[in-house]
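Down below is the structure, laid out as structure tokens.
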Protein chains: 2
Amino acid sequence: MRIGLDIGGTKIDAVAVAPTGQTVDRVRVPTGFGAEQVVANTLQVIDALRGRTGTTPTAVGIGIPGLIDHETGWVRHAVNLGLSEVALGPLVAEHVGLPVQVENDVNVAALGAAQAMHLDGAHAYLNIGTGLAAGIVVDRRLWRGARGNAGEVGHIPVLADGPPCVCGQRGCLETVASGSALAAAWPGHPGTTATEVFDSADAGDPAATAVRDRFVAGVASAVRILVVTVDVDSVVIGGGLAALGERLLLPLRADFDEAARSSPFVASLGLSSRVLLAPLDQPLAALGAAHLAPESAVTTA
Amino acid sequence: MRIGLDIGGTKIDAVAVAPTGQTVDRVRVPTGFGAEQVVANTLQVIDALRGRTGTTPTAVGIGIPGLIDHETGWVRHAVNLGLSEVALGPLVAEHVGLPVQVENDVNVAALGAAQAMHLDGAHAYLNIGTGLAAGIVVDRRLWRGARGNAGEVGHIPVLADGPPCVCGQRGCLETVASGSALAAAWPGHPGTTATEVFDSADAGDPAATAVRDRFVAGVASAVRILVVTVDVDSVVIGGGLAALGERLLLPLRADFDEAARSSPFVASLGLSSRVLLAPLDQPLAALGAAHLAPESAVTTA
């Protein structure tokens with residue numbers, strides 16, 4: 001049995017996965033804030049799963065939003081969780097006496113999507129949340145790249161003299177195709193911005209339509225970059241804004257189909273059938289964390 | 001011993017490579033035009049190498065510019081060579097009684113660059129010729145992608161309402177950063193366009209400076225897309241326009257350094273040290289063809 005944890009901004013979602021791939025148990029606890037609370041709650045949820053399943057797990061995988069050193073298991077920064085330079089992997093490994101692996105949350109969600117959706121070969125998981133980033137999985141294993149930056153398509157500049165991006169550049173894809181981009185273009189109620197923009201666009205509001213269409217074109221651009229550069233077999237749309245569901249998927253596919261009509265090259269890519277929605281009813285990040293390759297895990301000294 | 005052929009527009013460049021990786025012989029013959037001539041000259045150059053080296057090769061690899069089905073060894077189209085639907089791999093395999101692999105010329109050059117430059121891990125070979133395309137190599141093996149389109153960064157649209165591209169889209173990177181893009185922006189003497197543009201820019205011509213700077217920015221954009229999407233360790237600049245040498249490399253690096261000054265993210269990528277020039281004095285494509293993985297080769301029935 002393997003344990004996978006998704007340490008999110010508000011809750012820790014943890015699953016126990018059998019060798020068959022079956023999720024046998026799931027526990028959720030509040031995350032807390034700061035190193036002391038987050039580590040304590042992490043250990044507590046692992047102990048709870050061990051007690052409930054009555055079996056000894058063989059490995060623990062953890063996904064967390066922030067800058068992670070996956071080789072050492074240290075969390076460099078996880079601003080939303082109040083973590084900075086925390087030896088999360090070694091601390092958990094010492095407590096549970098098991099190999100522990102710590103990874104970026106988008107990467108574990110990409111692995112989880114591959115498991116849940118039975119995707120072999122190469123695929124990308126495009127996470128559209130506050131930011132925009134992709135995780136790349138090849139044969140159910142993470143492709144991190146040479147320096148851990150694979151899939152960082154959100155920081156490709158696409159608009160000359162575009163709005164400033166958190167990364168210090170201007171006009172990055174993330175300033176067009178992300179939750180924060182929608183919030184900036186449609187100030188109002190944070191958290192419901194995407195739905196409001198899409199509702200207003202559907203009701204015929206021209207400003208909302210322009211904001212929505214620009215957002216969809218940006219997501220389409222990210223998908224195309226992933227397909228022509230890495231040539232992943234599929235791009236799975238995930239993250240908070242994947243809750244838009246077909247309201248996002250259908251205009252995306254319309255965008256690809258329109259481009260295919262004027263370009264035999266684009267037509268040959270078959271983009272429409274290669275873009276998929278992540279299943280919203282499964283804990284993809286926790287599931288993916290349970291499937292991190294144990295051979296690169298941190299162990300106790 | 002393995003034989004590698006680079007079937008180019010004017011000549012076939014062929015090498016014999018020892019198991020140590022050493023190039024032991026090299027032969028060049030004119031390519032000819034059309035299926036009959038190209039196949040005959042291909043067989044002739046292989047026979048010549050076999051005769052001269054006096055040893056029996058174990059495999060033959062062929063690089064050719066065009067649309068290739070690497071699984072069957074068929075050349076779908078190679079317009080500049082007058083080839084359409086030619087069973088090149090099977091024909092050569094039948095003649096020489098050896099496994100034969102046929103691959104796109106940019107991909108074999110990418111493999112050859114990895115060999116010649118001793119590049120392990122992941123790298124991209126960005127071929128700037130008439131067009132713009134990259135080959136991606138991971139641990140000295142080609143990463144073709146799910147459908148053979150990996151590295152097709154030339155057909156990422158970057159300019160809204162930009163000039164029409166041969167692929168049917170508008171404003172692709174190839175319409176900015178390629179030999180054909182320079183020729184369109186600086187009509188004059190085909191073949192020497194790049195040198196003329198760079199010479200005129202160096203002499204202070206503002207129009208030439210604008211053309212050069214736009215070209216360099218386009219190449220920089222292609223490098224950045226490869227680095228943040230695939231996260232290759234290095235991007236090797238190759239193809240005809242790599243002959244510009246430091247006249248291209250230095251402004252590219254200046255572009256990266258300027259972007260790094262305003263963006264901690266770009267600074268963390270270390271782009272300047274990750275962009276390299278391909279060695280011009282080695283037959284990279286023929287060398288790479290000799291290193292194609294033989295297990296996926298076409299054999300005689």
Side-chain angles (χ1 to χ4, degrees), chain A residues 67 119-124 133-134 136 138 143-160 164-170 172-174 217 220-222 224-235 258-271 274, chain B residues 67 119-124 133-134 136 138 143-160 164-170 172-174 217 220-222 224-235 258-271 274:
Chain A
L67 185 62
L119 300 173
D120 289 311
H123 80 100
I136 297 173
V138 179
W143 170 257
R144 291 187 184 87
R147 307 193 189 181
N149 287 309
E152 285 286 3
V153 292
H155 299 297
I156 294 173
V158 292
L159 295 177
C165 181
V166 289
C167 77
Q169 301 183 92
R170 300 188 78 91
C172 290
L173 259 181
E174 184 166 298
S221 181
R224 290 164 71 156
I225 286 173
L226 286 162
V227 168
V228 299
T229 307
V230 190
D231 194 10
V232 286
D233 201 41
S234 59
V235 178
E258 191 187 327
R261 275 192 288 277
S262 58
S263 167
F265 172 75
V266 175
S268 77
L269 297 175
L271 290 164
R274 292 168 85 169
Chain B
L67 186 63
L119 300 173
D120 290 311
H123 81 101
I136 297 173
V138 179
W143 170 258
R144 292 187 182 86
R147 306 192 190 183
N149 287 309
E152 285 285 3
V153 292
H155 300 297
I156 295 173
V158 292
L159 296 177
C165 181
V166 288
C167 77
Q169 302 183 92
R170 299 190 78 92
C172 289
L173 259 180
E174 183 166 297
S221 183
R224 290 163 71 154
I225 287 172
L226 287 162
V227 168
V228 300
T229 307
V230 189
D231 194 10
V232 286
D233 201 41
S234 59
V235 178
E258 191 188 327
R261 274 192 288 277
S262 57
S263 167
F265 171 74
V266 175
S268 77
L269 297 176
L271 290 164
R274 292 167 85 170

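Just so it is clear, the model here is predicted, and its values are computed rather than measured. The chains referred to below are lettered A, B, ... by the order of the sequence lines, with proteins before strands, and numbering in each begins at 1.
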Note to self: If I compare all heavy atoms of B:G168 with all of A:S263, which pair ends up nearest, and what's the gap?
What the structure shows: C-CB, 3.8 Å

Next item on the list: Looking only at non-hydrogen atoms, find the nearest pair between B:I136 and A:T229 and report the distance.
Entry: CD1-O, 3.4 Å

Next item on the list: Using salt bridge (charged side-chain N to carboxylate O under 4.0 Å, His left out) as the criterion, list what pairs up with A:R170, not counting sequence neighbours.
Entry: none

Using atom types as modelled, flag every donor-acceptor pair under 3.5 Å from a side chain in residues 149-157 of chain A to any protein atom, sequence neighbours excluded.
none

Next item on the list: Check each atom of B:V230 against the heavy atoms of chain A and say whether the ones under 4.5 Å are side chain, backbone, both or neither.
Entry: both

Notebook entry, point to check: Which region of B:R224, side chain (C-beta onward) or backbone (N, CA, C, O), has a non-hydrogen atom less than 4.5 Å from a non-hydrogen atom of chain A, or is it both or neither?
Noted result: side chain

Notebook entry, point to check: So which of A:V158, A:V138, A:V227, A:I225 has the biggest tally of heavy-atom pairs under 4.5 Å with chain B?
Noted result: A:I225

Item checked: Side-chain heavy atoms of A:D231 within contact of B:R147, under 4.5 Å -> yes

Margin query: Between B:L269 and chain A, with a heavy-atom cut-off of 4.5 Å, which part of the residue counts as in contact: side chain, backbone, both or neither?
Written below: both

Item checked: Contact summary for A:C167 and B:P264, nearest pair of heavy atoms -> O-CD, 3.4 Å

